[in-house]
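Predicted, not measured: the structure shown is a model, and the values here were computed from it. Proteins get letters first, then strands, A, B, ... in listed order; numbering begins at 1 in each.
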Amino acid sequence: MSERFTKGMARNIYYGGSIFFFLIFLALTFHTTKEMPKRDHRENITESVVRGKALWEDNNCIGCHTLIGEGAYFAPELANVYDRRGGEAGFKAFFSGWMKAQPLNIPGRRQMPQFNLNDQEIDDLAEFLKWTSEMDDNNWPPNIEG
Amino acid sequence: MNTLKYQSQAVAKPYFVFAMILFVGQILFGLLMGLQYVVGDIVGGLIPFNVARMVHTNLLIVWLLFGFMGAAYYLVPEEAETELHSPKLAIALFWIFAAAGVATILGYLLVPYATLAHITGNDLWPTMGREFLEQPTITKIGIVVVALGFLYNLGMTILKGRKTAINMVMMTGLIGLAVFFLFAFYNPTNLALDKYFWWFVVHLWVEGVWELIMGAILAFVLIKVTGVDREVIEKWLYVIIAMALISGILGTGHHFYWLMTPAYWQWVGSIFSAIEPLPFFAMVLYAFNMVNRRRREHPNKAATLWALGTSVMAFLGAGVWGFLHTLAPVNYYTHGTQITAAHGHMAFYGAYAMIVMTIMSYAMPKLRGVGEANCNRAQVVEMWGFWLMTVGMVFITLFLTGAGVLQVWLQRLPESGEALSFMATQDKLAIFYWLREIAGVVFLLGLVAYLYSFFVTEKKAA
Ligand code: HEM
Ligand code: HEM
Ligand SMILES: [Fe+2]
């Protein structure tokens with residue numbers, strides 16, 4: 001780098017640039033959080049959904065699955081599992097059966113643990129997954145398989 | 001032979017040693033998971049995949065933190081030209097952090113996660129069960145306490161000593177690390193907000209403040225091994241971190257495409273994150289330039305190799321593999337596939353694992369009283385470790401990328417109804433996962449060679 005470009009100038013770009021873009025980031029974050037209610041349908045977060053999220057966390061489901069593409073890549077995407085497995089008509093029946101059947105014990109197949117949840121808890125998790133599936137995430141994933 | 005400029009730098013040693021112990025654990029659990037990917041029931045229900053994954057990623061983060069702390073305790077006094085404010089505090093914090101870390105990992109392994117959440121009172125202040133932030137709330141509080149003590153100790157040292165650019169950048173990076181970690185305590189019941197602010201920890205760490213830490217460590221080692229003028233090195237350092245933050249802060253947007261956010265993030269995230277490879281590329285130019293312009297032949301060739309290697313691998317892992325999937329139209333198809341895993345591996349290894357091994361390579365001979373550098377034989381073994389680990393990681397990345405491309409092809413590109421299901425796709429990827437596991441074994445061999453190099457001494461003349 002040429003001699004005319006000094007360390008002091010580089011330092012000023014660093015401080016000025018980072019502060020400037022950090023402020024823009026904060027402004028956009030502020031705007032985004034104002035827009036979010038239109039897309040996350042928070043009015044539908046029931047007590048049951050809240051308990052479902054806690055169960056999702058307390059059992060570390062994210063350690064195998066993705067949820068809207070974030071998490072682990074070992075097991076299927078679950079943000080749209082509600083739509084994939086029956087929706088309004090069939091999801092709860094499917095889900096309850098699924099949770100109770102674990103581990104499937106098919107030799108060589110990836111195993112999902114048995115979490116010993118009661119019917120209420122399974123229903124809460126189902127409500128959480130239903131609410132999650134109904135959020136507007138800019139049309140991700142590309143297809144039903146997630 | 002004691003070559004330490006300041007005796008209190010010695011507190012760095014336990015941090016580095018413990019980091020390496022955790023590193024071994026990280027890799028063993030990585031290999032276990034690699035097997036579970038292809039033989040799902042390999043250990044029955046003994047260690048479920050999610051447990052192994054928490055252990056793997058949390059050990060990684062914690063050993064990198066130990067490495068950063070060791071690096072700071074080593075370089076801050078030398079830069080400030082004064083002894084560390086309180087070596088006793090540094091050692092006390094070492095034991096607290098190590099004990100908390102071991103207890104947390106044992107907690108993951110010995111009791112079901114839900115039980116751990118219950119006994120640590122997660123319902124009082126829920127922070128657990130989110131990727132990378134799985135630690136019980138009490139552990140998170142412990143991390144904050146350790147960080148505060150650590151920053152206080154360094155801050156007092158810098159206040160009474162010389163305030164070099166390297167020290168200021170290192171300190172800013174470390175403070176930023178602590179500040180952004182505070183978002184780990186924010187876990188709203190609304191998943192949309194939870195996810196948005198989760199990235200304030202994860203992205204603003206690895207593509208923000210950690211780059212300052214990496215830049216400062218690299219600058220320090222380059223000054224030492226090349227003898228190039230400090231003014232030049234520090235000017236580059238500012239340019240690099242300026243580019244890193246200017247691109248990386250708004251680059252956070254590349255994680256907001258598919259959250260419940262306005263669509264402008266697809267533009268902001270794509271444009272700014274597309275610039276993120278630049279600082280990594282600048283680091284390559286800078287490292288090679290400085291080494292070419294070197295004014296001295298430092299006897300520690302291995303440290304120079306690590307310094308060059310980390311710049312190249314960080315550029316490949318973060319810059320090239322990051323760019324690969326960062327534009328919104330591409331990310332729509334690749335989001336959350338094995339491509340993400342490929343990038344995560346090479347970026348974490350190239351930038352952060354390797355920068356820690358760079359400073360260790362430079363500092364350990366001095367910390368152990370060996371002298372300026374290890375003997376030739378030890379350096380040769382260390383370089384074997386470097387190459388085996390690095391080549392192992394290149395192949396892990398390539399095989400995961402292969403798996404990811406096929407996954408996108410089979411599962412993401414076709415229409416609903418024609419796309420293969422997730423599990424059916426995984427079966428088709430088995431060959432890539434087996435090859436990844438073999439590359440992982442090469443990586444482990446490299447790690448063994450690297451650790452063995454610490455015990456190699458000059459052959460006694462016959
Ligand atoms: C023997 C070598 C290794 C093997 C076999 C291995 C295997 C794995 C596996 C199977 C996962 C979980 C992927 C999933 O969620 O489905 C994972 C995650 C991860 N590993 Fe490794 N690993 C190895 C070494 C490393 C190293 C050296 C690093 C970094 C220095 C690393 C960093 C990570 C990170 C950051 C994640 C989370 C990735 C993400 O969320 O995208 N691993 N690893
Ligand atoms: C050393 C720096 C970096 C590290 C350690 C790193 C690490 C990671 C990790 C671990 C993830 C997975 C997070 C998760 O589990 O969901 C990730 C995701 C991602 N990274 Fe990086 N990264 C770095 C730099 C970059 C850069 C410079 C770019 C862009 C040029 C980039 C682009 C991305 C993108 C687009 C994703 C999201 C992938 C997805 O949609 O699934 N990264 N990174
Ligand atoms: Fe990112």
Side-chain angles (χ1 to χ4, degrees), chain A residues 1 5-7 10-11 13-14 17-18 21-22 24-25 28 31-33 35-36 39-40 42 45 49-50 53-54 56-64 66-77 103 105 107-111 113 115 132 135-138 140-146, chain B residues 36-37 39-41 45 48-51 53-54 113-114 117 122-123 126 128-131 134 165 189-193 195-196 231 234-235 238-239 241-242 245-246 249-250 252 257-263 268 332-333 335-338 340-341 411-416 419-423:
Chain A
M1 261 173 277
F5 183 70
T6 61
K7 184 169 109 183
R11 189 185 53 215
I13 296 176
Y14 160 62
S18 356
F21 284 101
F22 194 72
I24 294 187
F25 182 64
L28 290 180
H31 179 257
T32 300
T33 52
E35 289 289 308
M36 265 189 183
R39 298 159 190 269
D40 61 23
R42 58 189 69 181
I45 302 182
V49 172
V50 171
K53 180 169 186 274
W56 169 268
E57 289 166 358
D58 285 352
N59 291 287
N60 191 228
C61 308
I62 202 81
C64 290
T66 45
L67 193 64
I68 324 188
E70 292 158 14
Y73 320 115
F74 186 70
E77 168 65 41
N105 280 327
R109 186 184 159 98
R110 296 181 189 173
Q111 303 245 16
F115 292 104
T132 303
M135 289 195 291
D136 171 6
D137 59 3
N138 295 315
W140 194 87
N143 65 42
I144 195 74
E145 299 302 344
Chain B
Q36 286 175 314
Y37 246 82
V39 190
D41 52 358
F49 180 86
N50 63 332
V51 173
R53 192 184 202 272
M54 277 191 290
Y113 191 72
N122 193 51
D123 35 345
M128 294 173 71
R130 296 172 302 152
E131 193 191 3
E134 294 92 348
T189 51
N190 184 348
L191 182 71
L193 287 170
K195 279 180 169 288
Y196 188 90
E231 280 300 302
E234 290 187 340
K235 179 162 75 182
Y238 276 126
V239 171
I241 60 175
L245 293 189
I246 288 171
I249 294 171
L250 286 179
T252 317
Y257 304 154
W258 325 118
L259 296 184
M260 285 43 76
T261 49
V268 176
Y332 184 62
Y333 293 102
H335 181 45
T337 61
Q338 295 300 323
T340 310
Q411 182 198 321
R412 289 279 171 83
L413 286 177
E415 301 280 309
S416 298
L420 222 48
S421 77
F422 177 91
M423 291 305 281

Q: Atom CG in N143(A), atom CG in L420(B): separation rounded to 0.5 Å?
A: 10.5 Å
Q: Side-chain contact, heavy-atom cut-off 4.5 Å: V239(B) with F5(A)?
A: yes
Q: Give a yes or no answer on whether the side chain of S416(B) reaches the backbone of I144(A) with a donor-acceptor pair at less than 3.5 Å.
A: yes
Q: Tell me, do V268(B) and I24(A) make a side-chain contact under 4.5 Å, heavy atoms counted?
A: no
Q: For a quick test of reading the model, state the closest non-hydrogen atom pair linking N60(A) to Y113(B) and the distance between them.
A: CB-CD2, 3.4 Å
Q: Identify the two heavy atoms, one from M128(B) and one from E57(A), that lie closest to each other, and give their separation to 0.1 Å.
A: O-CB, 3.5 Å
Q: Which residue out of C61(A), A75(A), A54(A), P113(A) racks up the most heavy-atom pairs below 4.5 Å with chain B?
A: A75(A)
Q: Kindly give the heavy-atom pair with the smallest separation between P142(A) and Y332(B), and that separation in Å.
A: CA-OH, 3.4 Å
Q: For the residue pair G69(A) and H335(B), what are the closest heavy atoms and their distance?
A: CA-NE2, 3.4 Å
Q: What part of Y196(B) gets closer than 4.5 Å to chain A, counting heavy atoms only: side chain, backbone, both or neither?
A: side chain
Q: Closest heavy-atom contact between G108(A) and D41(B)?
A: N-OD2, 2.8 Å
Q: Quick check on side-chain contact (heavy atoms from CB on, under 4.5 Å): which of T261(B), L250(B), T252(B) does L28(A) satisfy it with?
A: L250(B)
Q: So for P103(A), is it side chain, backbone, both, or neither that comes closer than 4.5 Å to the heavy atoms of chain B?
A: neither
Q: Of all the heavy-atom pairs spanning D40(A) and A192(B), show the shortest one and how long it is.
A: CB-CB, 3.7 Å
Q: Specify whether Y14(A) and Y238(B) have parallel, tilted or perpendicular ring planes, treating 30° as the upper limit for parallel and 60° as the lower limit for perpendicular.
A: tilted
Q: Hey, could you give me the CG/CG distance between N50(B) and N59(A), rounded to the nearest 0.5 Å?
A: 9.0 Å
Q: Can you tell if the side chain of T32(A) reaches within under 4.5 Å of the side chain of L259(B), non-hydrogen atoms only?
A: no
Q: What part of E415(B) gets within 4.5 angstrom of chain A, counting heavy atoms only: side chain, backbone, both, or neither?
A: backbone
Q: Side-chain contact test, heavy atoms from C-beta onward, threshold under 4.5 Å: evaluate it for Q111(A) versus P48(B) and give yes or no.
A: no
Q: With a 4.5 angstrom heavy-atom cut-off, which part of I62(A) approaches chain B: side chain, backbone, both or neither?
A: side chain
Q: Quick one: OG1 on T33(A) to CE on M260(B), what's the gap to the nearest 0.5 Å?
A: 13.5 Å
